[in-house]
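A quick write-up on the structure given underneath.
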Amino acid sequence: MSEEPIIKVEHLYYKYETRDQFAVEDVNLTIKKGEFIAIIGQNGSGKTTLVKHFNGLHKPTRGRVIVDGHNTADHPTSELARFVGYVFQNPDHQIFADSVRDEVSFGPKNIGFTEEHIESALKLVLGEMELSGMEEEQPFQLSRGQRQRLAVASILAMEPSILVIDEPTTGQDWRESIALMGLVQGLNEKGHTCIITTHNMNLVSIFARRVIVMRQAKVTLDGPTQDVFRNVEELRAAWIKPPDVYTLAQKLLPDIHLDKPILPQDLADLLINAGIVGR
């Protein structure tokens, strides 16, 4: 991960025309190039409204959002799409073409990629999303998990440096969720900045390296995953239950310092090392 900031949110306020209260209120964030971030919070907390500012789907009511040096207020979403890919919670809201090939090719064509470049990108992203050989398939004949991966592929084909996925595992079972998040993790390891919003705390604990908690339109916690999940009182105020592995770690090893996210197998090792259980 680079120390270079790729997204800066400065005193951001946003209000929908149909509401009296701010949906996002005085949010300040710096996101570094190459981070893997989960933004969590209850429905209505402001997390989706926040991330829609990263590609210009929303423009600030007050404040500003700078993405890769560009003030989003000064650029249309079509320009920001060159370096910010946004995947909607429901893939059916962004899929429209008659074939997988046309779906993935649409974005690159519109930003001026050559036919040769598009064909190369098509082959690459379909391979990464485990959709190779489905180029002529009708998208809505695919399974929900395949459509979700197709939505990601259509964004990746435009080669954005930032990938924003709103609720990536909605409608998928645990196996499909782990598989998709594993693919996103692989993209992050290749240098993409990955930002997800999700209600699934177990997936957050496995994949995210930084967690941002939103409550009532504001950021209330922001830090490494292991630190955020040990802040039980603030999470309870946001109606968020940390993963069981963190709850157990806090009860059984209250004084231990965690320098990375923990998985169940990690907790077992910590308990053995502390002499609480035997091998």
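Values reported hereafter were calculated over all heavy atoms of this structure, with side chains retained and with hydrogens, waters and symmetry mates removed. Numbering starts at 1 and runs along the sequence shown.
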Around atom NZ of Lys241, are there more than 12 heavy atoms of other residues, nucleotides or ligands at under 6.0 Å? yes

Quick one: closest heavy-atom pair of Phe229 and Pro242, and the distance? O-CB, 3.8 Å

Salt-bridge contact Glu4-Lys32 (side-chain N to carboxylate O under 4.0 Å): no

Can you tell which of Ile31, Thr225, Ile195 makes a side-chain contact (heavy atoms from CB on, under 4.5 Å) with Arg210? Ile31

Are Lys47 and Glu167 side-chain neighbours, meaning at least one heavy-atom pair lies under 4.5 Å? yes

Using a 3.5 Å distance criterion without hydrogens, assess whether the side chain of Asp166 forms a donor-acceptor pair with backbone atoms of Thr197. no

Would Phe113 and Leu122 show up in the same hydrophobic cluster when neighbours are defined by side-chain heavy atoms closer than 4.5 Å? yes

What is the minimum heavy-atom distance between Ala151 and Ser154, and which atoms define it? O-OG, 2.8 Å

In chain order, what residues pass the side chain to side chain contact (heavy atoms under 4.5 Å, CB included) check against Arg147, with sequence neighbours excluded? Pro91, Asp92, Ile95, Phe140, Leu142, Arg144

Using side-chain hydrogen bond (donor to acceptor under 3.5 Å, both in side chains), reason through Asn55 and Thr77 one step at a time and then give a plain yes or no. CA-CA 6 Å; Asn55 74 334; Thr77 299; 5.3 Å; no

If only atom types and distance count, is the side chain of Gln148 paired as donor or acceptor with the main-chain N or O of Pro168 below 3.5 Å? yes

Between the main-chain N or O of Asp173 and the side-chain N or O of Glu176, is there a donor-acceptor pair closer than 3.5 Å? yes

Between His117 and Glu159, is a side-chain hydrogen bond (donor to acceptor under 3.5 Å, both in side chains) present by the stated rule, with each step listed? CA-CA 11 Å; His117 193 156; Glu159 302 178 0; 2.7 Å; yes

Does anything in residues 180-193 form a side chain to side chain donor-acceptor pair (under 3.5 Å)? List the pairs, not counting sequence neighbours. Glu128-Lys190

Is there a side-chain contact between Leu163 and Val87 (heavy atoms, below 4.5 Å)? yes

Where does the angle between the aromatic ring planes of Tyr86 and Phe88 fall among parallel (under 30°), tilted (30 to 60°) and perpendicular (over 60°)? perpendicular

How about CG on Asp98, more than 12 heavy atoms from neighbouring residues, nucleotides or ligands closer than 6.0 Å, or not? no

Please say yes or no: joined through hydrophobic side-chain contacts below 4.5 Å, possibly via intermediate residues, are Val84 and Val104 part of one cluster? no

Look at the side chain of His53 and the backbone N and O of Thr49, then say whether any donor-acceptor pair between them is shorter than 3.5 Å. yes

Work out which heavy atom in Gly85 is nearest to a heavy atom in Pro160; give both atom names and the distance. N-CB, 3.5 Å

For the hydrophobic clusters of this structure (ILVMFWY residues joined by side-chain heavy atoms under 4.5 Å, transitively), does one cluster hold both Val164 and Ile40? no

Is it true that Lys218 and Asp26 have a side-chain N and a carboxylate O under 4.0 angstrom from each other? no

On a heavy-atom basis, the closest approach of Ala38 and Ala208 is CB-CB, 3.7 Å

Apart from Tyr13 itself, its cluster of hydrophobic side chains linked below 4.5 Å comprises Phe22

Cluster membership besides Phe106, Ile/Leu/Val/Met/Phe/Trp/Tyr side chains within less than 4.5 angstrom, sorted by chain and number, is Phe96

Under a 4.5 Å side-chain heavy-atom rule over Ile, Leu, Val, Met, Phe, Trp and Tyr, are Val219 and Ile6 clustered together? yes

Step through the shown structure and confirm whether more than 12 heavy atoms of other residues, nucleotides or ligands are within 6.0 Å of CH2 on Trp239. no

Do the side chains of Val65 and Pro60 get nearer than 4.5 Å, heavy atoms only? yes

Quick one: do Ile155 and Ile7 end up in the same hydrophobic cluster if we chain Ile, Leu, Val, Met, Phe, Trp and Tyr together by side-chain heavy atoms under 4.5 Å apart? no

Do Val100 and Glu136 pass the side chain to side chain contact (heavy atoms under 4.5 Å, CB included) test, and can you show the C-alpha distance, the side-chain angles, and the key distance before you say yes or no? CA-CA 6 Å; Val100 168; Glu136 308 311 321; over 6 Å; no

Could you list who else is in Val232's hydrophobic cluster, with ILVMFWY side chains joined at under 4.5 Å, directly or through other members? none

Would you name the heavy atoms of Asn200 and Thr198 that are closest together and state the gap between them? N-OG1, 3.0 Å

Evaluate the criterion ring-ring contact (aromatic ring centres under 6.0 Å, His included) for residue pair His75 and Phe83; output intermediate values, then yes/no. CA-CA 12 Å; His75 299 273; Phe83 41 90; 7.8 Å; no

For Arg82 and Ile111, indicate whether the former's side chain and the latter's backbone hold a donor-acceptor pair under 3.5 Å. yes

Taking the side chain from Thr61 and the backbone from Lys15, do they hold a donor-acceptor pair closer than 3.5 Å? yes

Take Arg101 and Glu137 through the side chain to side chain contact (heavy atoms under 4.5 Å, CB included) test and state the conclusion after the steps. CA-CA 8 Å; Arg101 176 184 295 280; Glu137 296 287 334; over 6 Å; no

Side chain to side chain donor-acceptor pair (under 3.5 Å) against Gln42, all qualifying residues, sequence neighbours excluded: none

May I ask you to test the Val27-Leu50 pair for a side-chain heavy-atom distance under 4.5 Å? yes

Determine, step by step, whether Ile196 and Ile39 satisfy the side chain to side chain contact (heavy atoms under 4.5 Å, CB included) criterion, reporting the C-alpha distance in whole Å, the side-chain angles of both residues, the deciding distance to 0.1 Å, and the verdict. CA-CA 6 Å; Ile196 64 169; Ile39 301 178; over 6 Å; no

More than 12 heavy atoms of other residues, nucleotides or ligands under 6.0 Å from NZ of Lys8: is that the case? no

Run the numbers on Arg236 and Asn231 for side chain to side chain contact (heavy atoms under 4.5 Å, CB included), then give the verdict. CA-CA 9 Å; Arg236 184 177 294 119; Asn231 200 322; over 6 Å; no

Which pair of non-hydrogen atoms, one from Leu235 and one from Val228, has the smallest distance, and what is that distance? CD1-O, 3.4 Å

